[in-house]
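Here the structure is laid out as structure tokens; the discussion comes afterwards.
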Amino acid sequence: MTGRADDQGRLPFIEAPAEAPVEASDEQPGGRVVRVLPDVAAIDRTFDYLVPVAWEEDGRADLVRPGSQVRVVLGGRRVGGWVVDVDVEPPDGVPLRPLAHVGGLGPSPEVIDLARWAAHRWAGRTANLLTTASPPNRVRVLPPPSSTEPVPKGPDRWAEGAFASPVSVLRLPPNADPLPLVLAGARRGDTLVVAPTLDAVGRLAVRLRRTGVPVSVLPREWAQAASGGVVLGARAAALAPVRDLAAAIVLDEHDESLREERAPTWNARDLVLERARRAGAPCVLVSPCPSLEALAAGPETTPSRAVEREGWPVLDILDRRDEDPVRGGLLGERLVPVLRSVGAGVGGPVVCVLNRRGRSRLLACDGCGELARCEEHRVPLVQAEEGALDCPVDGVRRPMVCDACGGLRFRNLRAGVARVREELEALTARPVCEVDAETPAAEVAAADVLVGTEAVLHRVDRASQVVFLDVDQELLAPRMRAAEQAMALLVRAARLVGPRSRGGRLVVQTRQPGHEALQAVLHADPGRLVEAEAARRRLLGLPPYAALAQVSGAAAAEFVDRLGAPEGVDVLGPRDGAWLVRAGGPEALADALASVERPAGRLRIEVDPARA
DNA sequence: CGGACAAGCTGA
DNA sequence: CAGCTTGTCCGG
């Protein structure tokens, strides 16, 4: 607000002092009282204000509805906020101030309630979620409801059936088309569709518009969304205005982009599930590789084996266990013929993925090439002191001996990444483009061979092959969701290369050819990964069989201290200055976190942490 | 958050 | 004891 003129063109620093408090008494007949949630960090409570009587004359009072964005004087300064209740009974003996300004319309009472629920569920402030739920520009009138032309009838019976139960999980292979599902939703009435990226949103919007279905794309078309039709957007659309929710769809529900990174770390999938439940509308969660969270929410519908197989590309697993770990660089022997054939394909460039973020700590046996990992927790062991290996999960130490062959010598697999591009160039006899966020689009488009971190998968829209030079780095990352995250990368890659009938090929170099994620893609059967993951998570008491929150920051110790050890809640850590709070489920976790009075100081509470 | 006010510290 | 810093409280 600093330096910006208000609605009357006055600048804050020269404006007249705020109006004196006005008693809500007989002197103010008809002065409506509204409840306002200020948008001020560290204030998470409401305050009551009067609607100025003069506003009844000039029509501004009409804009004061639940959700409206207003400015109020609070603690002697003007702050923004939302009307969250109208015509309330103010507390006795508190002199009320008038609203200072009304901006425009905002979220409906239903969305405000949903925002309150989410603030509790993810231990954050309601104001934060209301910001997401509010229009980016001032909205003073809603456009008239869109014409209700009949939605074209699709031939796809499966799409209709998806809405039969309150929640269902629809496993659609990577190259299947979700459009029939969205049309089937639109036939039921106002439909909310959430996809992980604006890219996916844009592509779907174009195709939907061609069918003549009224569609509003968030965040730009907030007002139009409120007037009905299909509402489509990225994760923020979970809080979009929808006139009369009749169906909800979350596309690629497994995708981590659906999760807000800043606290509160809400997830659009879970928010849409709750929203649909409240509205009594069916919700369909769609993914080629449904998350355990989704599978816990409703029954799964799977395509026929033939359809699912066709929707995945071929996977070539290049087993590197028997290669010489000393001489073998990042480009294994078996990769050579694959790369030599570059240029023969016509389906786009060859894309090589190598995640260099973080320090790889993989150790492989010098003798047999097997990776040193913890059999129980399925994570790579890290070298502690001389001759000892530690499990990063429980810290149990063991001697440095290969489980597979008894070998005593291990080799650090952290590779000389700088050389990879040159090696690729030598091998393929073509220019190789190293892609990062700054690489110009023209260079990316011109190259036959690309190499980069997983971000490279976002820089192209098709490829003849995608090669994961070191898929083990993904599969064995020391994160709870490493396998699912690796699977998500494989899905992304699968879409770039297309279905097997179009010649789509994925290539992975690995020392773990039997890993469930790879086997799942190889057989086009994501259930193989789900089974293994579910067993592991259940064993370790991890989501969705428990709920976690990571508490960090300077005030974290004090917070955890105040939390204590309530029934059904346990606290792990600290580890790197952060604690993990675990409860039986999201509700129990949220209640436990909310029961603690927040200490002063920096505190970050990450519910459903991404990297635990 | 940021203003108001109270309690504590310093220096002539 | 004025003048300033630091801490705590609270906003309609």
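Below, read A as the first sequence line, B as the second, and so on, with proteins coming before strands; counting in each chain starts at 1. Since this is a predicted model, take the numbers as computed values, not measurements.
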For the residue pair [Y] / [X], report whether a side-chain donor-acceptor contact shorter than 3.5 Å exists.
X: A/Q473; Y: A/N355; result: no
X: A/E253; Y: A/S291; result: yes
X: A/E256; Y: A/Q485; result: yes

Expected output: side-chain A/R220 to main-chain A/V217 donor-acceptor under 3.5 Å: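 No, A/R220 side chain to A/V217 backbone: no donor-acceptor pair under 3.5 Å.
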Using salt bridge (charged side-chain N to carboxylate O under 4.0 Å, His left out) as the criterion, list what pairs up with A/E274, not counting sequence neighbours.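 Once residues adjacent in sequence are excluded, the partners of A/E274 under the salt bridge (charged side-chain N to carboxylate O under 4.0 Å, His left out) criterion are A/R277, A/R278.
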For A/R459, check salt bridge (charged side-chain N to carboxylate O under 4.0 Å, His left out) against everything at least two apart and list the hits.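 So A/R459 forms no salt bridge (charged side-chain N to carboxylate O under 4.0 Å, His left out) with any residue.
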At the 4.0 Å heavy-atom cut-off to chain A, mark where contacts on DNA chain C begin and end, going 5' to 3'.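 Taking any atom under 4.0 Å from a heavy atom of chain A, the span is C/dG11 to C/dG12.
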Closest heavy-atom contact between A/R32 and A/D87?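 So the minimum-distance heavy-atom pair works out to NE-OD1, 3.3 Å.
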At their closest point, which heavy atom of A/W82 faces which heavy atom of A/P107, and how far apart are they?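 That closest heavy-atom pairing would be CD1-CD, 4.4 Å.
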Quick one: list whatever passes side chain to side chain donor-acceptor pair (under 3.5 Å) with A/R125, sequence neighbours left out.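 Residues passing side chain to side chain donor-acceptor pair (under 3.5 Å) with A/R125: none at all.
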Any salt bridge linking A/E606 with A/R604? Criterion: basic side-chain nitrogen under 4.0 Å from a carboxylate oxygen.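 Here A/E606 pairs with A/R604 in a salt bridge, since their nearest N and O are under 4.0 Å apart.
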Can you pull every protein N or O that's under 3.5 Å from an N or O on nucleotides 3-8 of chain B?
none

In residues 38-46 of chain A, what residues come within less than 4.0 Å of DNA chain C, judged by heavy atoms?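 By residue number: A/I43, A/R45.
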